[in-house]
Structure formats: C-alpha cells, structure tokens
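Working notes, beginning with the structure itself.
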Amino acid sequence: MRQSRTGAGDKPAPDHTNLPPHDRDNKEIAELFDEAADLLALHNENPFRIRAYRNAARSLRDLDQPLSSLTSDPTYKLTDIPGIGKDLAGKITEILSTGEFKLLYKLRRQIPTGTRDLLLVPGIGPKKARQLERVLGIHSLEGLRAATEAHQLAGVKGFGAKTEANILTSLTQAEAASGRMLLDEASDLANRLTSYLAPTTGNNKFEVAGSYRRSRETVGDLDLVADCDDAAALMDRLQNFDTAATVLGRGATKMSLRLASGRQVDLRVVPRESFGAALLYFTGSKSHNIELRKMAQNLGLKLNEYGLFEGDIARAGRTEEDVYRTLGLTWIPPELREGHGEIELAATGRLPQLVETQDIRGDLHVHTDATDGRHSMLEMIEAAQRHHYEYLAITDHSQRVTVAKGLDEFQLQEQWSNINKIQGSFPDIRILKGVELDILEDGALDMPKETLKEADWVIAAIHYGLKQSPQVITKRLIKAIQSGLVHAIAHPTGRLIGKRPAYDFEWTEVCKAAVDYGCALEINGQPSRLDLNEQALSRAMNYPVHFVVSSDAHSMNELNFMKFAVYQARRGGLAAPNILNTRDLRLLKSKATTS
DNA sequence: GCCGTTTTCGGCCCGACTGTTTTCAGTCG
C-alpha cells in the first residue's frame with residue numbers, strides 16, 4: 001500500500017498551503033489537478049470533466065519546460081498545451097499568480113480529508129469510497145482496516161462478504177510490495193515467468209507487455225500476453241508459479257495473480273489472429289492507445305485488443321506491424337509509445353532509428369574491488385569480453401569518496417601501471433586507464449591535473465554537496481568541464497529513484513560548455529539511477545551534445561545494466577550516432593571529433 | 001472540461017471480470 005497521501009490519519013488537513021506565487025512546479029500543479037479529478041470522481045461528477053483534469057495533469061507532467069517560465073513569455077499560450085482549454089488555463093494562471101486553487105479548496109471542504117486515500121486500495125473506486133465514507137464514516141486507510149477487521153463492511157449496500165475479504169487482503173498484501181519495481185527486479189521476474197511458462201506456451205506467441213516492454217524506469221505489475229490454444233492450462237501453470245500466490249481474478253481469457261512478494265501479474269490470452277492487437281493494447285501506454293483508437297475511428301475503423309475492425313470484418317490484428325500499417329503508420333518501438341508525438345512522427349516517416357544494445361562497443365564506467373566493486377579488475381575484464389566489448393574503462397572512485405575507499409593519485413597510478421602490464425594478455429579488448437573523478441564542492445577536481453593527463457578516460461561526478469543551489473551546481477559542473485580533463489559527466493543529475501531527487505542546474509549553460517569542451521553526458525544504467533531521465537534527455541537533445549551509455553557496474557553481473565542505459569536512451573529517442581561508445585575506439589573521445 | 005477536414009454542439013477508447021443483484025454497476029487495465 002502506498003503511504004496515505006495526507007499522512008495525517010483523520011486529522012483535518014489545512015485548506016491549502018500558502019506557497020508564494022511561481023513556487024509550484026509542473027509536477028505539483030499536475031498533482032493538484034489529479035487531486036481535483038479524484039475529488040470530482042468522489043462527487044460523481046461528469047466522467048468527461050474528470051478525464052479532462054487527468055489529461056491535463058498528464059500533459060503538464062510531460063512538459064519539458066517549467067510552466068512559470070512559459071507564462072512569463074507573452075507570446076506563449078497555455079491553451080497550446082494539449083488538453084488545456086480556456087478554463088484549465090485560467091486555473092493554472094490562478095495557481096501560479098495567487099498560489100491558490102479555489103475549486104480544489106471547495107472540493108476539499110466538501111469531502112473529508114483522507115477519503116481520497118481509500119482510492120489507493122485495489123477494488124475501491126470513487127463510488128465505494130464515498131459509500132464507505134457516508135455510511136460508516138470511514139475516511140482513512142486506518143479506519144478502513146479497523147472497519148474491515150470488525151466485519152462492518154458486509155451489509156453496506158454494494159458490499160458483501162467477498163468484497164470485505166478482498167479489501168482486507170489488498171490492504172495487507174499491498175503493504176508487502178513497497179511501491180513499484182526497479183528494472184532489474186522486473187527483468188528478473190519477467191525472465192523467471194517466461195522460462196517457467198515456456199513448457200505450456202511452447203511454440204505459441206508469448207510476451208511480457210505493459211510498462212515493462214516500454215522499459216519505463218519503474219514497473220508496477222507485469223502484463224503477460226499469450227496466444228494459446230488452451231488458456232486454462234496456461235492459467236493453471238501460472239497459478240502454480242508461486243504456491244503462496246493469491247488469485248485476484250480468473251475468467252476464460254484473463255487472470256490476475258498477486259505473488260507472495262506482493263507483485264501482481266496479469267495474464268491475457270487471445271486467439272492467434274489477435275495477438276498483435278492484444279500485444280499493442282497491453283503494451284500501452286494508455287495515451288498512445290487512445291490516440292491510435294481515435295485515429296482508427298477517423299478512418300471508420302474500430303481498434304480493440306482483438307484487432308482493427310471495419311464493421312465486423314478484421315482488417316489487421318495478427319501482428320503489431322499489421323495494425324500500425326493499416327492505420328498508415330510505421331511500427332513504433334515500445335519505448336516511444338508514450339503519447340509524446342511519436343504517432344505523428346510515424347505517420348510522416350520521421351521516427352528516429354533508435355540505438356540498439358548491439359551497437360554498444362564498450363563500457364566506460366565500471367568499478368573493481370580496488371574501491372567499492374565486488375570483483376577484481378581481471379574478473380571484470382573477462383566478463384566484459386563475454387559481452388564482446390572492444391574496450392572497457394576501469395573507473396574506480398577517486399579519494400574524496402571515502403565510503404567507497406576512493407583511490408589517491410598513487411593508488412590510481414599503481415592501478416594504471418597494472419593495466420599496462422596485463423593489457424598484453426587481452427589482445428581483443430583495450431583496457432582504458434580511467435577514473436570516476438569526484439567534482440568537489442567548489443568545482444575543483446579530486447586529483448592532480450598531471451595525473452589526470454595520463455588517463456585514457458575520465459568520467460567526473462558530483463557525490464557531495466547535492467543540496468547546493470542550482471547556480472552553485474552549475475558552476476561546479478562547468479568548472480569541471482572547462483578543465484579540459486573530463487571526458488564525460490557521470491549520472492549528471494544525481495537522482496536515486498524513489499530515494500533522492502535530482503539536483504537542478506542551468507541546462508543551457510552546462511550543455512553549451514559540454515559541447516564547447518567535447519565533454520559527453522552519461523546515461524547511467526544502474527536501475528536506481530537511470531540518470532539522465534527522459535525529460536533531461538529531451539532538454540539535452542536541444543544541443544549537439546554527445547552521450548555515453550554505461551553500466552556503472554560494481555560486479556560482473558552488473559555489466560548487464562548496460563541494457564537499461566540503452567533502453568533509457570531509446571526512450572529519449574537517441575540514435576547510435578548520438579552515443580560515443582557506439583564508435584570505434586579511435587573515434588571515442590568527442591574532443592577529437594568536434595574540435 | 002476539451003475539441004474540431006463531421007468546428008461552437010455533441011461527442012469523448014474499449015472490453016473483461018467480480019460481486020451483488022436479479023440484469024448490471026463498479027472497477028480495472
């Protein structure tokens with residue numbers, strides 16, 4: 001279970017927080033719109049009005065520029081944002097200029113604080129939440145648990161014994177799953193499920209769809225799509241994947257399972273001629289699907305998970321390619337299916353040729369047991385060879401990062417001299433003498449310049465002073481870049497997904513400096529980092545800046561994290577030429593190619 | 001509340017499954 005939104009139990013929340021004008025960022029305003037949508041739903045409002053607020057919230061989250069900066073431009077119209085009309089534009093202006101949102105405050109006064117939290121429980125929607133609030137006075141998750149355990153729910157109109165039991169299960173099991181999965185966990189689970197089900201799926205088509213297939217940064221649950229002659233047999237087998245799993249639902253073609261870990265798995269079985277349409281549908285995203293369906297409508301067709309239909313006649317459905325082609329589109333890679341303009345690009349043949357994992361020729365950010373890695377340099381090199389890399393940069397931490405046993409200049413030089421000695425034993429892979437160099441709080445480098453000049457590859461990063469102002473961080477990054485000794489900036493925003501927010505800086509200035517000095521920006525494949533994210537990539541792509549994709553491996557197995565960095569690059573629309581380590585070693589350093 | 005080559009009204013994506021009810025509303029994806 002996610003944490004209660006109020007975190008205050010039954011205590012009434014203040015009407016509003018008095019933030020000064022302009023202090024609300026896009027995400028906060030989007031959250032206010034989502035809250036308004038939830039409260040309107042609890043009021044049983046017009047569903048299309050509710051949807052308008054949700055669409056607007058999504059649009060605002062997708063914007064890559066702060067609303068406050070857009071509104072300061074007199075030529076900019078808020079109504080140019082998709083899903084924002086005259087009314088919602090007025091509400092955004094109200095929030096930005098006065099810090100208030102009168103409609104929302106009115107709604108908050110009408111519905112007890114905490115009732116909205118009930119919507120977090122699977123199986124409880126706006127109708128049931130309102131019913132519980134009105135009849136039993138429940139307006140918090142704690143209250144819901146107490147009433148459920150006291151069997152007060154069964155008997156309320158619309159609730160029975162089963163619903164009550166299901167709610168109790170949801171409350172308990174959802175608490176076990178702490179939020180969404182990071183990509184490595186999702187990937188492991190997807191692989192285990194795929195091989196476990198293989199004997200039953202056999203030669204039939206089977207795919208893990210959903211946000212996992214779109215390589216989102218985090219995955220909520222796994223959506224499986226199968227074409228199978230014997231759906232019941234497949235469901236039986238899935239049910240036995242985890243003996244402690246709970247079946248949340250099972251019909252003729254659809255089954256939902258909650259594993260003991262709290263993770264949910266949904267299976268959908270469709271006829272072979274529908275597999276492509278079903279895969280498309282269950283891959284999403286929701287907004288991508290909605291756009292496709294509207295497109296189908298405009299062509300006098302209907303798109304659902306069984307196919308693309310003209311009346312009762314199926315025009316496509318066996319493969320995704322068929323469906324897209326019949327709609328007049330080229331096939332769109334799942335990573336781009338977010339409703340961010342990819343359909344228009346596909347319609348006009350302008351989709352980027354996305355980078356592939358096999359384009360990557362080397363890893364430029366790995367650690368060894370000399371600092372905080374788990375395996376020796378030799379083991380890491382041998383593992384990199386199994387990835388058929390042409391080059392590998394050993395980039396252990398510099399001294400400032402004491403928790404990771406960072407190396408001083410003498411230790412680093414000793415490591416490099418070792419590399420010189422062993423290079424002869426590895427004729428197929430070039431070992432680059434590298435370092436992950438700390439950028440100190442004042443922008444100075446954590447290693448003498450003379451030492452750095454001997455390095456083949458320097459990747460610099462901020463590890464301390466993450467809470468400095470954007471202006472100070474900007475200066476630090478630019479100072480490091482202008483040293484001319486840094487080849488790339490590692491995990492450029494410092495975020496840890498779900499744990500630590502990104503620090504902000506002046507993108508324009510940093511990107512310009514990066515271009516001028518031939519310094520690349522890293523896309524880090526650690527599942528908790530995936531830094532840069534989609535918005536950051538979209539910003540950086542406005543400049544002819546180069547990127548590197550890295551695993552930041554701290555063990556042999558983590559070299560596999562490279563694929564997550566590639567997926568992230570794909571989500572940002574990057575092609576191989578945007579990425580330095582798709583190149584031959586001689587062309588690696590962007591300094592050499594841009595100057 | 002948004003939107004428009006069907007443009008200022010009348011649409012708005014579509015279907016499976018559950019539980020409670022007695023033919024379907026609510027929820028979910």
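A, B, ... follow the sequence lines: proteins, then strands. Residue 1 opens every chain.
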Separation of [N] [atom2] from [X] [atom1] (nearest whole Å):
{"X": "Ile81(A)", "N": "dG1(B)", "atom1": "CD1", "atom2": "P", "result": "17 Å"}
{"X": "Met295(A)", "N": "dC12(B)", "atom1": "CE", "atom2": "P", "result": "18 Å"}
{"X": "Lys86(A)", "N": "dG4(B)", "atom1": "NZ", "atom2": "P", "result": "17 Å"}
{"X": "Asn44(A)", "N": "dA25(B)", "atom1": "CG", "atom2": "C1'", "result": "11 Å"}
{"X": "Glu45(A)", "N": "dG1(B)", "atom1": "CD", "atom2": "P", "result": "8 Å"}
{"X": "Ile290(A)", "N": "dG29(B)", "atom1": "CD1", "atom2": "P", "result": "15 Å"}
{"X": "Leu119(A)", "N": "dT27(B)", "atom1": "CG", "atom2": "P", "result": "9 Å"}
{"X": "Asn55(A)", "N": "dC2(B)", "atom1": "CG", "atom2": "P", "result": "10 Å"}

Distance between [atom1] atoms of [N] and [M] (Å, rounded):
{"N": "dT20(B)", "M": "dA25(B)", "atom1": "C1'", "value": "9 Å"}
{"N": "dT21(B)", "M": "dC14(B)", "atom1": "C1'", "value": "25 Å"}
{"N": "dC12(B)", "M": "dC17(B)", "atom1": "P", "value": "24 Å"}
{"N": "dT5(B)", "M": "dG1(B)", "atom1": "P", "value": "23 Å"}
{"N": "dG15(B)", "M": "dT23(B)", "atom1": "P", "value": "24 Å"}
{"N": "dG29(B)", "M": "dT22(B)", "atom1": "C1'", "value": "28 Å"}
{"N": "dG11(B)", "M": "dT6(B)", "atom1": "P", "value": "16 Å"}

Qualifying salt bridge (charged side-chain N to carboxylate O under 4.0 Å, His left out) pairs, either residue in residues 120-132 of chain A, two or more places apart: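 The answer is Arg130(A)-Glu133(A).
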According to salt bridge (charged side-chain N to carboxylate O under 4.0 Å, His left out), does anything in residues 150-164 of chain A pair up with another residue at least two apart or in another chain? List the pairs. none
Please report the interatomic distance CD1(Ile81(A)) to CG(Asn55(A)), rounded to the nearest 0.5 Å.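 Reported to 0.5 Å precision, the distance equals 13.5 Å.
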Among residues at least two apart in sequence or on other chains, which ones pass side-chain hydrogen bond (donor to acceptor under 3.5 Å, both in side chains) with [X]?
{"X": "Ser287(A)", "value": "Ser285(A)"}
{"X": "Thr148(A)", "value": "none"}
{"X": "Ser211(A)", "value": "none"}
{"X": "Glu94(A)", "value": "none"}

Summarise protein proximity over nucleotides 14-19 of chain B in one line of letters, 5' to 3': B for base, S for sugar-phosphate only, - for none, counting protein heavy atoms closer than 4.0 Å. BSBSSS
Flag the pair Arg325(A) and Glu321(A) as a salt bridge only when some basic side-chain nitrogen lies within less than 4.0 angstrom of an acidic carboxylate oxygen. no
Looking at Arg108(A) and Glu35(A), does any basic side-chain N land under 4.0 Å from a carboxylate oxygen?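 Answer for the salt bridge query: yes.
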Across the strands shown, which category fits [X] at heavy-atom distances under 4.0 angstrom: base, sugar-phosphate, nothing?
{"X": "Lys157(A)", "value": "nothing"}
{"X": "Asp223(A)", "value": "sugar-phosphate"}
{"X": "Ile84(A)", "value": "sugar-phosphate"}
{"X": "Pro47(A)", "value": "nothing"}
{"X": "Ile50(A)", "value": "nothing"}

Contacting residues from residues 329-350 of chain A, given that a heavy atom lies under 4.0 angstrom of DNA chain B: none
Does the structure show a Watson-Crick or G-U wobble partner for dT8(B), both distances under 3.5 Å? Name it, or say none. none
Establish, with yes or no, whether the OP1 or OP2 oxygen of dG26(B) is under 4.0 angstrom from a side-chain nitrogen or oxygen of Lys128(A). no
Taking the nucleotide of DNA chain B with the nearest heavy atom to each, does Lys286(A) or Phe282(A) sit closer to the 5' end?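 It is Lys286(A) whose nearest nucleotide is closer to the 5' end.
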Looking at Tyr196(A), does the NZ or CZ of Arg237(A) lie under 6.0 angstrom from its six-membered ring centre and within 45 degrees of the ring axis?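 Because its charged atom sits under 6.0 Å from the ring centre and within 45° of the axis, Arg237(A) does stack over Tyr196(A).
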Contacts of type ring-ring contact (aromatic ring centres under 6.0 Å, His included), residue Tyr76(A), not counting sequence neighbours: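 Scan of Tyr76(A) (ring-ring contact (aromatic ring centres under 6.0 Å, His included), adjacent residues dropped) gives none.
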Could you please name the option among dG29(B), dT27(B), dC12(B) that lies closest to any side-chain atom of Asp221(A)? dG29(B)
